[in-house]
Amino acid sequence: MKKVMLFSTILYGIVAYAQSEMADTVSVRQLNEIVVRGEKPQVRAEEGIMTVDLPDIVKDKPVSNILEALGYLPGVMNNNGMIGLTGASDVTIILNGELTDMPLQNLYQLLYTTPVDRLKKVEIMYSAPAKYHVNGAVINVVLKTPRPLDGLQGQVRAGYNQAHYASYGGGLAATYAIKDWIFDLNYGLSRTQSWNQEETWSNHMVQGKRTMIEDDMRRIGRNWSNTVFASAAWKKLKLTYNGQIISDSKNRSLSSGTLGNFTNLYKMLSPVCYHNIALRYTAPFDMTIGGDYTRYFENRSQSLFKNHGFMLGAHNRQSIGRYHVYMDKGHQFGKWQLNYGVEYQHSEDHSSQHYSVADNHDFDDVLREDVASLYAGAQRSFDWGLSFNASAKGEYYHNRYQHNWNFIPQLGATYYKTTVSIFQLNLSTRRIYPSFWELHRGRGYINEYSTVLGNPELQPYIQYDVQSGYILKQKYVATLYFQYGDKASVQLPYQSPDALSLIYQTINMNYKRVAGLNLYAPFEAGDIWDATVTANVFNQREKADRFHDISFDNSKWIFYGSVTNSLKPCRNSPISLSVDISYITPSLQGIANLSGLWKVDMGVKWQFGKGRCCELNLKADDIFSTWSPVMTINHEGQDFRMKVRDMTRNLKLTFIWRFNGFRPKDNSIDTSRFGTGR
């Protein structure tokens with residue numbers, strides 16, 4: 001409670017200072033005149049694509065970077081830095097229509113270091129055309145292009161984050177254009193310290209006898225992270241480098257409970273390195289050729305102790321090389337636009353795991369993967385109100401365990417006679433692949449009782465998504481959606497019936513099905529208050545005939561709601577306040593049930609200096625530390641409960657200085673399939 005009172009006192013002091021400053025410098029005169037004020041449309045739609053004026057939406061929000069700003073898009077939820085799109089099973093973020101083949105944490109780090117001022121608009125595509133080389137939903141971040149007249153522009157950022165432990169960092173973003181050249185640089189450096197707590201109660205049955213195993217675990221981590229994005233473009237030729245180096249990475253877990261006291265130490269023996277270099281050329285005759293190469297390396301050790309006595313040690317390595325090439329061609333025939341292209345990707349994952357205890361299974365394995373695809377598509381706008389884009393892709397997937405052909409259709413359509421009522425329909429299909437590490441026979445020990453197992457039999461699964469949207473007055477959005485994941489995968493704890501062993505392993509279910517309705521409505525009162533209300537009600541069902549040696553069929557109606565508010569003392573005030581409230585009813589994940597959650601976030605944004613070139617943001621997330629779930633499993637002999645504490649509460653202070661009228665940029669990575677800590 002003291003933290004809340006202190007935060008409120010700081011907000012009040014800043015507001016009072018800003019109001020007194022304005023009173024001293026601004027004189028008010030009454031003028032006999034008529035003011036005509038128009039409302040700028042927030043949402044436009046065409047060919048199944050929703051274009052959002054995000055810079056206008058977040059202009060008074062306490063956000064300083066693109067990652068935070070994306071949380072204010074219609075249908076988008078930013079859950080502790082993880083971006084999700086309501087109505088879509090997953091979403092890919094791209095930059096200026098170009099897929100940047102980054103690992104997910106690299107992408108988020110890059111978005112976090114990219115200033116929001118560089119943002120021009122954002123496009124939401126529930127069903128991305130095949131020419132983007134992304135299956136399923138896409139958020140396309142479109143940035144302002146620097147001009148030679150702008151000279152060198154940039155932004156310097158410094159930030160401090162107080163959660164359980166303090167973290168801090170800074171960054172530089174700069175652009176420069178001269179004649180036919182455009183240069184772009186984005187660098188971020190951060191020192192992160194993390195902490196979370198998990199309490200578990202496992203009422204484990206073995207041969208008809210129950211044993212209660214309690215455990216209280218604290219996880220502590222730290223690292224230095226360097227993220228670099230650099231690009232040089234000459235006319236239609238563009239060379240891009242994305243990289244991330246994580247050093248001094250150490251993690252440890254401390255647990256105490258029924259089976260004793262355990263210490264698990266994880267240490268990176270060398271920096272975790274990710275490098276990606278890409279070349280792209282757009283020819284004058286509407287043809288694009290490109291390719292990129294990715295290199296990822298991780299070298300990690302683990303040491304497990306029980307009551308200060310050494311139990312086991314492990315050494316995990318992963319080295320991945322991947323190259324990717326593509327070609328796209330377009331033709332214009334009157335009002336019809338036709339496009340087609342080919343794409344090929346080859347990956348080689350060399351992973352190994354060696355234990356210091358002889359009775360554990362070691363492996364040293366090479367997993368090769370090939371994905372080739374061919375697509376054709378068309379788009380057209382009709383005078384009577386219909387516009388659409390459609391494509392069909394044939395994809396071939398091959399690795400040691402399986403090879404198959406996939407047919408991936410896509411459709412995005414928009415219909416309207418006037419901008420008052422706009423209708424949209426989207427259909428997409430995609431295949432989702434597991435991480436490389438999960439496909440090996442690796443075993444990771446959390447403690448003497450809990451282990452994480454790989455699954456070589458884990459299959460990719462097919463995801464089908466359909467969305468039907470209605471946009472009223474280019475402002476209010478309603479989305480009716482249906483999602484079906486055929487053989488969708490999930491990782492959950494399972495109590496072995498043969499021994500006191502808790503197993504975490506990713507397996508394929510029969511399916512995961514979600515159907516719901518999402519409503520998005522912004523409101524405002526003059527120039528001093530604006531708010532956005534989001535309501536999402538949906539039914540979720542997950543079924544597995546074989547979850548290890550049992551089955552489940554779990555379904556539930558779920559409601560998610562949020563209200564974001566921005567307040568200003570007056571129209572041109574350099575100060576703006578925000579109060580955001582979110583709530584979700586009890587939900588589910590596979591066989592498990594999750595408790596309901598709620599949270600309150602507050603923030604203040606202060607712009608000052610010449611031309612307001614400086615900005616100070618103070619934001620408190622999850623003030624009451626209530627956005628942490630309780631997971632319960634009670635089905636067919638399984639009796640397990642986990643309570644997570646203090647995951648999302650933090651206080652963030654960010655200072656920004658822009659020089660030469662800078663208007664910032666974004667870029668992306670997806671390491672969702674990389675890493676040994678799965």
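Predicted model, so just to flag it, every value in this text is computed and none were measured. No hydrogens, no waters, no symmetry mates; every other heavy atom, side chains included, goes into these values.
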Could you check if a side-chain atom of [X] sits within less than 4.5 angstrom of a side-chain atom of [Y], using non-hydrogen atoms only?
| X | Y | value |
| --- | --- | --- |
| Ser387 | Tyr415 | no |
| Val466 | Gln483 | no |
| Ile124 | Leu73 | yes |
| Ser489 | Tyr461 | yes |
| Val141 | Ile94 | no |
| Gln540 | Leu588 | yes |
| Gln607 | Cys614 | no |
| Lys121 | Val52 | no |

Checklist entry - Is the Tyr476-Tyr520 ring centre distance short of 6.0 angstrom? => result no

Item to check | Tyr168 ring center near Tyr160 ring center (under 6.0 Å) | outcome: no

Item to check | Reference residue Phe523; test side-chain contact (heavy atoms from CB on, under 4.5 Å); the match among Thr532, Asn565, Val533 | outcome: Val533

Could you grab the distance from atom [atom1] of [X] to atom [atom2] of [Y], nearest 0.5 Å is fine?
| X | Y | atom1 | atom2 | answer |
| --- | --- | --- | --- | --- |
| Asn161 | Lys619 | CG | NZ | 11.0 Å |
| Asn389 | Met125 | CG | CE | 9.0 Å |
| Leu616 | Leu653 | CG | CG | 5.0 Å |
| Arg44 | Thr414 | CZ | OG1 | 14.0 Å |
| Gln474 | Ile422 | CD | CD1 | 5.0 Å |
| Trp657 | Arg157 | CH2 | CZ | 15.5 Å |

Item to check | Passing candidate, salt bridge (charged side-chain N to carboxylate O under 4.0 Å, His left out) with Glu199, options Lys643, Arg645, Arg641, Arg218 | outcome: Arg645

Would you say the side-chain atoms of [X] pair up with the backbone N or O of [Y], donor to acceptor, closer than 3.5 Å?
| X | Y | result |
| --- | --- | --- |
| Gln193 | Ala166 | yes |
| Ser190 | Thr192 | no |
| Asn536 | Gly516 | no |
| Asp53 | Ile57 | no |
| Ser127 | Asn426 | no |
| Asn508 | Lys487 | yes |
| Asn223 | Ile246 | no |
| Asp486 | Ile462 | no |
| Glu542 | Gly590 | yes |
| Thr86 | Gly75 | yes |

Next on the checklist: As a quick check of understanding, evaluate salt bridge (Lys or Arg N to Asp or Glu O under 4.0 Å) for Asp621 and Lys652, giving each step before the final call.
Outcome noted: CA-CA 8 Å; Asp621 292 328; Lys652 294 184 288 188; 3.3 Å; yes

To check you understand the geometry: which heavy-atom pair defines the closest contact between [X] and [Y], and what is its length?
| X | Y | result |
| --- | --- | --- |
| Ala128 | Gln410 | O-CG, 3.3 Å |
| Met631 | Ala592 | CG-CB, 3.5 Å |
| Leu472 | Ser421 | CD1-OG, 4.4 Å |
| Asp465 | Ala88 | OD2-CA, 3.9 Å |
| Val116 | Ala69 | CG2-CB, 3.7 Å |
| Asn140 | Gly97 | OD1-N, 2.8 Å |

Which of parallel (below 30°), tilted (30 to 60°) and perpendicular (above 60°) describes [X] and [Y]?
| X | Y | value |
| --- | --- | --- |
| Phe608 | Trp606 | tilted |
| Phe547 | Phe552 | perpendicular |
| Trp598 | Phe624 | tilted |

Check whether the side chains of [X] and [Y] place a donor and an acceptor atom closer than 3.5 Å, and report yes or no.
| X | Y | result |
| --- | --- | --- |
| Glu615 | Asn617 | yes |
| Ser225 | Gln244 | yes |
| Ser562 | Tyr583 | no |
| Asp90 | Gln463 | no |
| Tyr72 | Asp580 | yes |
| Arg541 | Tyr511 | yes |
| Thr506 | Glu438 | yes |

Item to check | Worked verdict on Gln197 versus Asp216 for side chain to side chain donor-acceptor pair (under 3.5 Å) | outcome: CA-CA 7 Å; Gln197 181 182 8; Asp216 184 0; 2.9 Å; yes

Checklist entry - Can Trp529 and Leu577 be said to form a side chain to side chain contact (heavy atoms under 4.5 Å, CB included), step by step? => result CA-CA 9 Å; Trp529 174 72; Leu577 307 178; over 6 Å; no

Checklist entry - Around atom NZ of Lys556, are there more than 12 heavy atoms of other residues, nucleotides or ligands at under 6.0 Å? => result yes

Next on the checklist: Please determine whether side chain to side chain contact (heavy atoms under 4.5 Å, CB included) holds for the pair Ile93 and Leu70, giving the CA-CA distance in whole Å, both sets of side-chain angles, and the decisive distance to 0.1 Å.
Outcome noted: CA-CA 10 Å; Ile93 302 174; Leu70 292 179; 3.8 Å; yes

Checklist entry - Which is it for Asp601 and Val579 under the side chain to side chain contact (heavy atoms under 4.5 Å, CB included) test, yes or no, and what are the steps along the way? => result CA-CA 6 Å; Asp601 304 332; Val579 180; over 6 Å; no

Item to check | Worked check of side chain to side chain donor-acceptor pair (under 3.5 Å) between Tyr481 and Ser468 | outcome: CA-CA 6 Å; Tyr481 59 91; Ser468 177; over 6 Å; no

Item to check | Verdict with reasoning, Ile528 to Leu567, per side chain to side chain contact (heavy atoms under 4.5 Å, CB included) | outcome: CA-CA 5 Å; Ile528 63 172; Leu567 303 100; over 6 Å; no

